[in-house]
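So the structure is just underneath, and the comments pick up after that.
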Amino acid sequence: MCLNAVNDLRLCIANAIGIPLENLVRGFEVPKEEFGDFSIVMPKAGIDRNQAEQIFEAVRRCDLVWRADLRGIYLNIFLNRGLFSTRVLQYVVNDDSYGICREREPKKIVVEYVSANPIHPLHIGAARNAALGSFITRILKAFGNSVQTRFYINDVGRQTAIVALGFKLLGRVEVPSGVKPDHWIGLIYAITNTVAEIQGIKKRLGVAVGEEETKRLREELDQLVADAARLWKTAPDIFNEISEKLKGVDFEEELSKIMRGYEKGDADIVQLIREVVGACIEGFKETLQRFGAEIDIWDWESDLVWGGDVEKILEVLKKSATAHKGALALDFSSVDTAELRRRLGIPRELEIPPLILQRSDGTTLYTIRDIAYTLKKFREFNADKVINVIASEQTLPQAQLRLALYTMGHKKEAENLIHYSYEIVNVEGIKMSSRRGRIITLDEILDEAKRRVMVELEKRGNASEIIAEKMGVAAVRFYLLFVSPSRPVKFSWASVLDFERNSAPYLLYTYARTEGIFRKAREIGVELDWKKLFESMDKGFATADRRWRLVKIVAEFPDTVHKSYSELDPSILALYLLRVADEFNTWYDEEPIVIEKDEKLRASKLLLAYAINRVLNKGLQLLGIEPVEKV
RNA sequence: GGGCCCGUAGCUCAGCCAGGAUAGAGCGCCGGCCUCCUAAGCCGGUGGUCGGGGGUUCGAAUCCCCCCGGGCCCGCCA
């Protein structure tokens with residue numbers, strides 16, 4: 001169902017004055033209270049101000065309208081509070097999915113998200129990706145679309161080769177008990193990489209020419225040594241062993257051997273890398289499940305290479321390739337037009353360098369493999385759209401990907417491949433580096449958030465592990481969702497653990513308060529049959545300002561959810577829910593609900609609380625937050 | 001050097017794409033409120049040359065240009 005009282009109003013006005021509904025959707029505002037309940041901004045709605053007088057008369061004929069004022073470019077509307085509030089509550093009571101209006105033509109959509117390198121635990125950056133990806137999945141599904149979620153396991157390439165080498169040197173020891181496998185792999189990776197980098201720099205220092213280069217290398221070395229010292233402190237035995245074993249090998253040569261062997265499908269190397277990466281993925285699955293981010297299909301990048309998909313694509317692309325700095329590359333200048341950029345959503349001024357097709361040693365490159373993967377995603381789900389949730393720092397390779405698809409003749413796929421871009425998470429005070437093991441992991445944030453919730457719950461004598469876990473996870477998710485995706489998130493422990501006002505715990509607390517009201521009502525023998533209560537309610541109850549404000553905010557829910565859906569922006573919904581909670585808490589403090597003696601008025605108040613309860617419940621669920629009934 | 005994103009109250013953020021009414025929240029700070037449905041709450045107070053300068057317009061936080069500051073990208077990494 002698509003019950004929306006605000007839209008009823010818009011429809012009536014649009015008909016009365018004879019303009020398309022879309023104009024009013026655009027030119028509709030919720031103004032400051034003193035001006036009215038809703039306003040039509042006439043220039044925005046495409047209304048000629050000379051016709052203002054006729055319009056003014058027409059608007060007043062709508063039954064939901066009580067009076068209207070003309071003021072400058074605004075047509076301010078005051079509603080018939082009794083009629084409108086009854087309508088809103090009627091919609092909430094009769095529509096189980098109040099606020100959500102399913103697509104008439106649902107789409108098949110693939111969402112690829114997280115796809116973090118399987119060489120270290122998920123960090124705060126991947127957490128934002130997971131939060132956004134699972135949000136868009138949820139809201140797309142809620143609106144009736146079919147969605148398939150996929151995780152691309154980047155097991156081909158230099159980074160997995162590094163950790164595999166470290167793992168091999170250690171004698172392929174098992175993950176110690178009590179250690180999460182991805183944390184174990186991450187440690188080996190960071191140590192191997194840091195030690196190898198130190199050795200590499202020392203070598204270069206030996207042959208360095210010029211004071212400047214020597215100085216630069218020394219600075220780099222100092223930093224590396226500091227990281228190494230920290231890693232040594234974390235795991236001295238492992239550090240010493242890897243460090244010792246690395247002395248005897250030609251690092252670059254060994255890496256190249258592993259990479260080549262893996263792409264060829266050499267059995268020993270395949271077993272080695274699959275073991276390492278598999279362990280890491282096991283850890284990812286645990287964390288993602290905890291975080292409420294579901295993945296339907298796990299795709300191994302190596303399967304695309306071994307299956308011949310990548311080779312086929314290379315063959316096709318080579319036909320249009322040209323030489324670039326001695327390598328075979330795809331130059332886009334011949335197809336690159338302003339019109340194509342518009343269709344593919346590529347920024348007008350973005351400089352796009354040629355795409356190198358293959359390394360000199362014959363191994364493949366990421367973007368080429370990603371072409372094969374993109375086609376696979378479209379094909380296997382028969383998808384209308386593929387959405388890649390990837391940080392904005394990858395804008396260039398994502399644009400190259402679409403252009404390459406277009407060049408190959410996959411025009412539809414190129415146009416329907418969406419790069420859902422978001423800004424990164426900045427961590428105050430430190431520079432994160434997964435290569436050096438300098439990261440804040442999602443696991444530790446979730447653990448700490450849970451612990452902090454627990455402290456608060458203990459104060460209330462309700463030390464429930466389950467609730468602490470739910471609220472802790474919710475706090476982190478909400479923190480990452482309430483900033484617009486196009487804006488960087490500034491991470492700080494103080495803000496992620498601040499559970500007042502702008503936080504999930506605040507919303508959950510407010511929700512639990514509504515549940516508390518219903519509990520109390522049942523205790524004193526009130527039957528909570530919403531339809532019956534609706535029949536017996538006092539229709540004029542919402543004329544009081546405070547209650548009226550709540551009715552209006554409940555009425556705004558469908559529009560808000562729709563905007564959040566069409567822009568795939570969770571922050572719109574998140575900020576709205578905070579407003580809902582603020583309004584409700586003010587009202588809650590102001591007048592008793594269950595204790596109300598007048599039965600009709602009590603029914604109305606209960607219904608209003610129920611409406612708030614439904615809005616919070618639905619909104620939280622869309623954000624991927626499970627409401628809790630008691631805190 | 002070029003490109004993308006960002007710059008709004010001490011701090012964290014709305015508002016900008018589709019220009020309009022005295023620029024909004026929260027945190028912080030100061031002062032109040034638990035014999036009553038959960039005080040992670042409520043009420044009051046405090047706080048802004050919307051980074052700077054030009055331009056367009058009856059009207060600019062919003063559109064255009066220039067500059068300054070921050071982040072990211074420009075690799076035979078991903």
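A sub-4.0 Å separation between OP1 or OP2 of B:C77 and a side-chain N or O of A:Arg359 is present. Dashed line: the shortest gap from a side-chain N or O of A:Lys32 to OP1 or OP2 of B:G24 is under 4.0 Å. One finds no side-chain N or O of A:Arg348 lying less than 4.0 angstrom from the OP1 or OP2 phosphate oxygen of B:G3. For A:Ser495, no side-chain nitrogen or oxygen approaches OP1 or OP2 of B:C11 to under 4.0 Å. A sub-4.0 Å separation between OP1 or OP2 of B:A40 and a side-chain N or O of A:Arg460 is present. One finds a side-chain N or O of A:Lys490 lying less than 4.0 angstrom from the OP1 or OP2 phosphate oxygen of B:C13. Distances shorter than 4.0 Å separate none of the side-chain N or O atoms of A:Arg522 from OP1 or OP2 on B:C37. Proximity of A:Arg519 to the phosphate of B:U38: no side-chain N or O atom is located under 4.0 Å from OP1 or OP2. Proximity of A:Arg501 to the phosphate of B:C27: a side-chain N or O atom is located under 4.0 Å from OP1 or OP2. Put simply, A:Thr586 has a side-chain N or O that comes within less than 4.0 Å of OP1 or OP2 on B:C43.
B:G10 and B:G55 are spaced 28 Å apart, taking the P atom of each and rounding to whole Å.
Applying the Watson-Crick and G-U wobble criteria (two distances, each under 3.5 Å), B:U57 pairs with nothing in any strand. Summarising the base pairing, B:C34 is matched to no nucleotide, lacking a Watson-Crick or G-U wobble pair whose two defining distances lie under 3.5 Å. Shown here, B:A14 forms no base pair; nothing in the strands shown gives a Watson-Crick or G-U wobble contact with both key distances under 3.5 Å.
Note on A:Lys630: a base of the nucleic acid sits closer than 4.0 angstrom, heavy atoms only.
If you run side-chain contact (heavy atoms from CB on, under 4.5 Å) between A:Pro118 and each of A:Ile153, A:Ile273, A:Val163, only A:Ile153 comes through.
A glycosidic torsion no more than 90° from 0 defines the syn conformation, and B:C34 adopts it.
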Where do A:Arg369 and A:Asp303 land on the salt bridge (charged side-chain N to carboxylate O under 4.0 Å, His left out) test, with the steps shown first?
-> CA-CA 10 Å; A:Arg369 300 190 296 263; A:Asp303 286 339; over 6 Å; no

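Put simply, A:Tyr509 does not rest on the base of B:G41: the two rings are not both less than 5.5 Å apart at their centres and under 30° in tilt. Stacking here means ring centres nearer than 5.5 Å and ring planes tilted less than 30 degrees, and by that measure A:Tyr506 does not stack onto B:A40.
Comparing A:Thr395 and A:Met471 along RNA chain B, the residue whose closest nucleotide (by nearest heavy atom) sits nearer the 5' end is A:Thr395.
Using modelled atom types and a 3.5 Å distance limit, the side chains of A:Tyr420 and A:Asn388 yield no donor-acceptor pair. A side-chain N or O of A:Trp587 and one of A:Glu591 form a donor-acceptor pair less than 3.5 Å apart.
Relative orientation of the A:Trp530 and A:Phe518 rings is perpendicular, given thresholds of 30° and 60° on the angle between their planes.
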Reading nucleotides 30-35 of chain B from 5' to 3' and marking B where a protein heavy atom lies under 4.0 Å of the base, S where only the sugar-phosphate is that close, and - otherwise, the string is ------

